[in-house]
Amino acid sequence: MTQAQMIYPVILCGGSGTRLWPLSRKSYPKQFALKVNGESLFQASARRFSEPPPGLQFAAPTVVTGNDFRFIVTEQLLAAGVEPGPVLIEPAPRNTAPAILAAALFLCERDPDAVLLVAPSDHVIPDAAAFGQAIARGLPALAEARLVTFGIQPDRPETGYGYLELERASPDGAPVALRAFVEKPDAERAARMLEQGGFLWNAGIFLFRAADLIAACQQHCPALLPPVEAAINQGAPDLGFFRLASGPWSQAEDISVDYAVMERAPNLTVVPYQGGWSDLGGWDAVWRESGPDRDGVVTSDHATAIDCRNSLLRSEAPGQELVGIGLENIIAIAMPDAVLIADRDRAQDVKLAVSSLKSRDIAQAETLPRDFRPWGWYESLVVGQRFQVKRIHVHPGAALSLQSHHHRSEHWIVVSGTAKVTVDGVVKLVTENESVYIPLGAVHRMENPGKVAMVLIEVQTGAYLGEDDIIRYEDVYARGQGARG
């Protein structure tokens with residue numbers, strides 16, 4: 001196998017990132033929400049795999065994601081200047097083993113010799129050239145039908161990662177056989193492994209021939225193959241995506257690829273990677289990767305630290321200033337609808353806060369106030385008894401569905417751009433500083449016919465203001481009745 005071998009990047013894009021709450025939530029997880037150097041983690045991952053280092057050849061990235069994120073994926077890819085490859089839609093999250101197997105089956109059908117590079121969508125790898133060299137070092141092992149994983153050289157006794165124990169040390173970064181997977185250790189064992197050497201962090205990044213991964217599944221987790229194969233065979237294209245069939249997919253075991261295959265496979269090779277890497281698995285990692293100043297402090301825009309030490313202050317609410325005075329070892333994250341204050345040493349426990357909020361049915365546990373849709377986004381500004389005020393942003397050329405409501409009327413005021421508005425068959429243009437009234441039960445639609453974003457303020461009044469109060473007549477995004485927006 002030569003370095004000219006075509007490599008199919010597969011980006012796994014379905015996690016919820018609860019440890020980065022309140023920025024990351026189920027409705028808009030960290031791979032889309034958290035930005036580094038002006039782009040989301042997902043965009044950075046996609047660009048990394050669309051700009052191969054010399055000697056490597058990458059196909060357009062294949063993305064495996066959930067139904068709610070399919071339009072966000074394509075929107076962010078295009079914004080990053082990345083041509084989208086296949087986007088496989090999981091009917092429900094089933095962990096990494098079914099997702100990776102689905103990608104392998106899908107791509108193997110199109111190219112029996114396909115080589116897959118599988119990576120999560122939320123990792124930071126600043127040195128793309130060094131990562132490309134690590135990929136090149138792993139390629140020769142594929143000629144022996146081996147599965148390759150990448151291990152990160154640890155620089156601290158980290159308890160938030162699993163580890164790879166090597167058969168022998170590899171100071172030059174050469175591929176080496178794996179002795180064992182090690183679960184996330186306690187602090188004492190992590191320190192001991194760091195001192196001993198021969199252990200790497202498990203990055204969850206894999207390189208293999210699709211056919212070899214399928215063969216490994218046949219050997220080590222044969223029950224997983226029939227439902228995933230059926231989900232592929234019974235799946236169908238949908239608006240440029242490929243939607244896996246929900247019936248068989250629901251029968252696939254919810255299991256990670258490590259447990260299902262990698263920990264059982266005797267043909268696993270590890271490529272050590274000594275370049276920069278982080279999975280940004282908690283706010284402590286964000287603090288570390290953001291480059292603390294000489295006092296150990298990281299602040300965002302709209303955040304001010306006075307006499308603070310070793311702390312992260314981050315405000316995600318323009319117009320809302322976050323000020324910390326005399327803080328030490330503190331994480332403070334301010335969102336428009338939620339604020340997190342935590343000891344930095346407890347960063348991994350943020351998921352406990354999410355669980356607590358979910359147990360009390362508090363919306364902030366999983367839902368952002370800004371809701372993303374294929375046509376743009378909206379956010380609730382004020383909610384009261386029998387009324388709600390929203391800001392709505394519609395992308396150029398986009399359109400909401402033709403719809404009506406049982407329980408509410410709406411007032412639209414355009415504040416930027418031009419709206420093409422249909423109300424009971426009457427079409428008119430509404431420009432900046434103009435408004436239109438949508439009576440209860442009227443069949444209506446808004447579109448943005450322009451080349452710049454259109455923004456309007458919507459005032460809803462009525463007995464029920466839920467997003468499921470929609471009768472949908474036409475929709476360019478092929479969403480069914482009751483779908484939002």
Heavy-atom closest contact (L440 atom, H405 atom, distance): CD1-O, 3.8 Å

Min side-chain heavy-atom separation Q43-S40 under 4.5 Å: yes

Nearest non-hydrogen partners of A347 and I331, listed with the distance: CB-CD1, 3.9 Å

Side-chain donor-acceptor contact under 3.5 Å, S300 with S315: no

Enclosure of H407 NE2 (heavy-atom neighbours >12, cutoff 6.0 Å): yes

NZ/NE/NH1/NH2 to OD/OE distance under 4.0 Å, D343 and R346: no

Plane angle bin for F150 and F131 - parallel if under 30°, tilted between 30 and 60°, otherwise perpendicular: tilted

Closest contact, heavy atoms only, A231 versus W249: CB-CE3, 3.9 Å

I333 vs L312 side-chain heavy atoms within contact, under 4.5 Å: yes

Check: Y464/D469 side-chain N/O donor and acceptor closer than 3.5 Å: no

Donor-acceptor pair, side chain of R70 and main chain of N67, under 3.5 angstrom: yes

Sole residue of V10, V63, T65, V64 in side chain to side chain contact (heavy atoms under 4.5 Å, CB included) with L88: V64

Close side-chain approach of Q403 to V443, heavy-atom, < 4.5 Å: no

Evaluation steps, side chain to side chain contact (heavy atoms under 4.5 Å, CB included), between M193 and E165: CA-CA 9 Å; M193 289 191 297; E165 183 179 3; over 6 Å; no

Mutual orientation of the aromatic rings belonging to Y437 and H411 [parallel < 30°, tilted 30-60°, perpendicular > 60°]: tilted

Backbone N/O of V297 and side chain of D293: donor-acceptor pair under 3.5 Å: yes

Side chain to side chain contact (heavy atoms under 4.5 Å, CB included) assessment of Q218 paired with L225: CA-CA 7 Å; Q218 289 172 331; L225 270 166; 2.8 Å; yes

Candidate pair L465 and R386, rule side chain to side chain contact (heavy atoms under 4.5 Å, CB included), full reasoning: CA-CA 7 Å; L465 306 175; R386 296 182 63 88; 5.9 Å; no

Under the side chain to side chain donor-acceptor pair (under 3.5 Å) test, residues paired with E366 that sit two or more places apart: K358

Stepwise salt bridge (charged side-chain N to carboxylate O under 4.0 Å, His left out) test for R314 and E316: CA-CA 7 Å; R314 184 173 180 131; E316 297 290 338; 2.4 Å; yes

Pairwise side-chain contact, V124 with L41, heavy-atom cut-off 4.5 Å (strictly under): yes

Under-4.0 Å salt bridge between E474 and R472: no

Trace of the salt bridge (charged side-chain N to carboxylate O under 4.0 Å, His left out) decision for D186 with K184: CA-CA 7 Å; D186 59 25; K184 295 177 182 178; over 6 Å; no

Between F32 and F42, ring centroids under 6.0 Å: yes

Q388 and S380: CA distance, side-chain angles, deciding distance, side chain to side chain donor-acceptor pair (under 3.5 Å) verdict: CA-CA 7 Å; Q388 180 172 203; S380 295; 2.7 Å; yes

Between S401 and Y477, a side-chain donor and acceptor under 3.5 Å: no

Of all pairs that satisfy salt bridge (charged side-chain N to carboxylate O under 4.0 Å, His left out), the ones with a partner from residues 17-30, not counting sequence neighbours: R25-D337, K30-D122

Contacts of type side chain to side chain donor-acceptor pair (under 3.5 Å), residue R391, not counting sequence neighbours: E379

R344 charged N/C atom sitting above W287 aromatic ring, 6.0 Å / 45°: yes

Test log, rule salt bridge (charged side-chain N to carboxylate O under 4.0 Å, His left out), inputs K390 and E467: CA-CA 12 Å; K390 291 181 177 179; E467 288 301 317; 2.3 Å; yes

Side chain to side chain contact (heavy atoms under 4.5 Å, CB included) between L340 and V350, worked out: CA-CA 9 Å; L340 169 71; V350 171; 3.9 Å; yes

Closest heavy-atom pair and its distance - M446, M454: SD-CE, 4.1 Å

Within-4.5 Å side-chain heavy-atom neighbours: T304 and T299: no

Residues that K351 engages under side chain to side chain donor-acceptor pair (under 3.5 Å), provided they are two or more places apart: none

Distance flag, aromatic centroids of W277 and H123, threshold under 6.0 Å: yes

Which atom of V73 lies closest to which atom of V87, heavy atoms considered: CG1-CG2, 4.3 Å

Pairwise side-chain contact, E39 with Q76, heavy-atom cut-off 4.5 Å (strictly under): no

Under 3.5 Å donor-acceptor, S24 side chain and W21 backbone: no

Note, L200 side chain near V270 side chain (heavy atom, < 4.5 Å): yes

Within 6.0 Å of CZ in R370, more than 12 heavy atoms from elsewhere: yes

Pairwise distance CG(L20) to CH2(W283) - rounded to 0.5 angstrom: 5.0 Å

Close aromatic pair by centroid cut-off 6.0 Å: W377 and H395: no

salt_bridge(R156, E195) N-O dist < 4.0 Å: no

Side chain to side chain donor-acceptor pair (under 3.5 Å) against E183, all qualifying residues, sequence neighbours excluded: Y259

V286 side chain reached by V36 side chain, heavy atoms, under 4.5 Å: no

Pairs where residues 95-106 contributes a residue and the test side chain to side chain donor-acceptor pair (under 3.5 Å) is met, not counting sequence neighbours: N95-D254

Check: S435 side chain, I413 main-chain N or O, donor-acceptor pair, under 3.5 Å: no

Working for ring pair (Phe, Tyr, Trp, His ring centres under 6.0 Å), residues Y8 and F106: CA-CA 11 Å; Y8 294 81; F106 183 88; over 10 Å; no

Validation row, ring centre Y161 to ring centre F199 under 6.0 Å: no

Atom CG of N37: over 12 foreign heavy atoms under 6.0 Å: no

Test side chain to side chain donor-acceptor pair (under 3.5 Å) applied to Y28 and T367, step by step: CA-CA 8 Å; Y28 201 65; T367 306; over 6 Å; no

Ring geometry between F208 and F206 (parallel below 30°, tilted from 30 to 60°, perpendicular above 60°): tilted

Nearest heavy-atom neighbours spanning S250 and R94: O-NH2, 3.7 Å

